[in-house]
Amino acid sequence: MDYSNYQKSILSLVRPCIAALSPYTTARDDFKGKADIYLDANESPYANGCNRYPDPRQQKLKSLIGEKKGINPCNLFLGNGSDEAIDLLMRIFAEPGKHNVVAIVPSYGMYGVSAAVNNLEVRQVLLNDDFSLPVGRLLDTCDADTRIMFICSPNNPTGNAFARADISRLAADFNGILVVDEAYVDFSSVGSMKDCIGEYPNLVVLQTLSKAWGMAGLRIGLAIAVPEIIEIMSNVKYPYNISEAAMETAVEVLNKGISSQVEEIISQRDILARQLAECRCIRKVYPSDANFLLVKTGDADRLYAFLSQHGIIVRNRNSMSLCEGCLRITVGLPSENRTLIETIKRYDRQQ
Ligand SMILES: *Cc1c(COP(=O)(O)O)cnc(C)c1O
């Protein structure tokens with residue numbers, strides 16, 4: 001493959017108004033050194049821990065995340081949650097009212113919401129009955145105006161990770177941007193596609209600090225891609241999209257680490273899966289590469305209501321295609337999981 005031509009064709013997918021953009025330059029872009037007196041940004045001079053604008057390039061946090069995850073900072077974009085990256089990619093690559101995006105179903109709801117906000121047609125492609133990736137149907141659904149395809153792996157809410165070979169084939173054969181949302185990758189043995197961005201420059205991998213890293217409240221999402229894409233995302237984002245408070249807390253939590261939390265959640269997930277399978281009202285526990293379990297029940301609405309009456313909230317996915325009768329249950333603390341099982345057994349006895 002002529003790599004340089006391939007890079008050029010990625011850039012040719014960028015909307016003309018974005019390609020022509022002269023990005024906002026902040027005071028901190030004009031002067032990057034260290035000084036004694038800052039009179040350049042119209043900030044308050046009274047120190048209180050947050051009177052200065054944050055680093056718009058997020059260099060300290062990027063290099064720490066890069067170090068922890070083995071990503072070169074030039075391949076890393078940080079957003080106000082993954083949701084910012086999803087919206088930005090649409091705004092960069094897809095012309096409202098003209099282009100379309102393709103997404104799998106059932107999957108994460110934000111692809112459709114962001115597409116609607118950006119006035120983009122979403123072409124939804126149902127997963128195969130065994131929740132595997134319908135590679136042929138996905139490619140057949142694309143036309144010359146399809147700019148982005150969204151694949152979530154491990155997928156929410158089905159819980160399974162897709163075969164790497166299937167994702168690679170999509171990256172190779174799709175002539176637009178392939179977004180692989182890996183919010184749950186830390187719980188999966190299948191591994192990240194992030195090491196394939198050199199091979200497939202149209203690949204954008206999304207990860208997040210919200211799940212395994214325990215920072216959902218901070219709102220920090222990652223996009224991993226070739227530097228050309230990262231650069232455009234950085235030019236289009238709000239200059240100060242991540243607050244100083246969020247960056248400082250993230251650095252603290254990343255340095256503290258999450259020790260054995262992921263292993264514990266995985267072992268709790270497997271225990272929970274066995275115990276759920278023993279409950280009479282549960283017809284099927286789907287295999288999971290994530291920190292949640294999708295279960296098929298006899299009557300999802302009824303079990304959902306019973307659990308919520310007993311103070312336990314799960315996610316009712318009954319109305320999603322291929323998820324009829326299904327609840328999605330996040331793996332909690334061991335004590336929480338025990339209470340869940342006891343409560344479902346109480347439900348079983350009342351039926
Ligand atoms: C939870 C989740 C995210 C995370 O979104 P953030 O905005 O980073 O919190 C992304 N994608 C999927 C599929 C998720 O389930």
Side-chain angles (χ1 to χ4, degrees), residues 1 3-19 21 71 74-79 82-104 107-108 110-125 133 135 138-153 155 162 164 166-183 192-208 221-237:
M1 179 182 6
Y3 188 75
S4 62
N5 273 336
Y6 204 105
Q7 301 284 56
K8 261 182 238 144
S9 79
I10 296 293
L11 296 181
S12 75
L13 293 172
V14 174
R15 291 168 65 201
C17 65
I18 302 291
L21 189 70
I71 302 163
C74 76
N75 296 118
L76 192 55
F77 167 85
L78 299 183
S82 315
D83 296 342
E84 182 183 1
I86 293 167
D87 179 66
L88 266 182
L89 288 165
M90 291 191 194
R91 288 199 282 144
I92 289 168
F93 290 107
E95 201 67 63
K98 174 166 185 252
H99 292 139
N100 66 76
V101 303
V102 167
I104 53 170
S107 193
Y108 189 46
M110 272 313 288
Y111 316 132
V113 172
S114 260
V117 168
N118 286 291
N119 192 21
L120 298 168
E121 178 200 347
V122 197
R123 299 184 176 180
Q124 302 190 316
V125 178
L133 214 49
V135 177
L138 279 163
L139 291 169
D140 287 346
T141 303
C142 299
D143 62 19
D145 287 328
T146 306
R147 288 304 176 92
I148 309 178
M149 184 186 293
F150 290 92
I151 302 295
C152 180
S153 181
N155 188 35
F162 299 118
R164 296 177 68 89
D166 286 349
I167 298 176
S168 296
R169 202 185 132 207
L170 288 175
D173 291 358
F174 173 48
N175 293 319
I177 302 295
L178 178 68
V179 177
V180 180
D181 184 342
E182 298 185 1
S192 174
M193 292 299 291
K194 72 178 162 56
D195 302 321
C196 303
I197 56 172
E199 190 176 353
Y200 306 113
N202 60 333
L203 179 64
V204 178
V205 172
L206 304 184
Q207 294 187 1
T208 181
L222 288 58
I224 305 154
V226 289
E228 288 79 358
I229 294 179
I230 297 300
E231 211 167 289
I232 301 166
M233 293 180 80
S234 304
N235 289 345
V236 177
K237 77 177 176 74

Which atom pair, heavy atoms only, marks the closest approach of [X] to [Y]?
X    : Y    : answer
F162 : S153 : N-OG, 2.9 Å
V236 : R91  : CG1-NH1, 4.4 Å
F93  : V14  : CE2-CG2, 3.7 Å
A115 : V101 : CB-CG2, 4.1 Å
V122 : A103 : CG1-CB, 4.2 Å

Worksheet entry | Check: G176 main-chain N/O paired with N202 side-chain donor or acceptor under 3.5 Å | yes
Worksheet item: Considering residues at least two apart in sequence or located in another chain, which fulfil the salt bridge (charged side-chain N to carboxylate O under 4.0 Å, His left out) criterion with E95?
Response: R15
Discussion item. Just to verify, what does R164 make a salt bridge (charged side-chain N to carboxylate O under 4.0 Å, His left out) with, not counting sequence neighbours?
Written reply: none
Out of curiosity, [X] [atom1] to [Y] [atom2], how far, rounded to the nearest 0.5 Å?
X    : Y    : atom1 : atom2 : answer
N75  : I197 : CG    : CD1   : 4.0 Å
R147 : C142 : CZ    : SG    : 12.0 Å
F150 : M90  : CZ    : CE    : 3.5 Å
I104 : N155 : CD1   : CG    : 4.0 Å
I167 : L203 : CD1   : CG    : 8.5 Å
L78  : I230 : CG    : CD1   : 9.0 Å

Listed by chain and number, what are the side-chain hydrogen bond (donor to acceptor under 3.5 Å, both in side chains) partners of [X], not counting sequence neighbours?
X    : value
S192 : E182, Q207
S114 : none
K194 : none
D83  : Y108

Taking only residues two or more places apart in sequence or in another chain, which ones pass side chain to side chain contact (heavy atoms under 4.5 Å, CB included) with [X]?
X    : result
D166 : L133, V135, A163
A223 : F77, A85, V204, L206, M233
A183 : D181, T208, K211
N100 : V102, E121, R123, D143, D145, T146

Worksheet entry | CA sep, side-chain torsions, deciding dist, call: M149, T141, side chain to side chain contact (heavy atoms under 4.5 Å, CB included) | CA-CA 10 Å; M149 184 186 293; T141 303; over 6 Å; no
Discussion item. Set out, in order, the CA-CA distance, both residues' side-chain angles and the distance that settles side chain to side chain contact (heavy atoms under 4.5 Å, CB included) for I92 and I177, then state yes or no.
Written reply: CA-CA 11 Å; I92 289 168; I177 302 295; over 6 Å; no
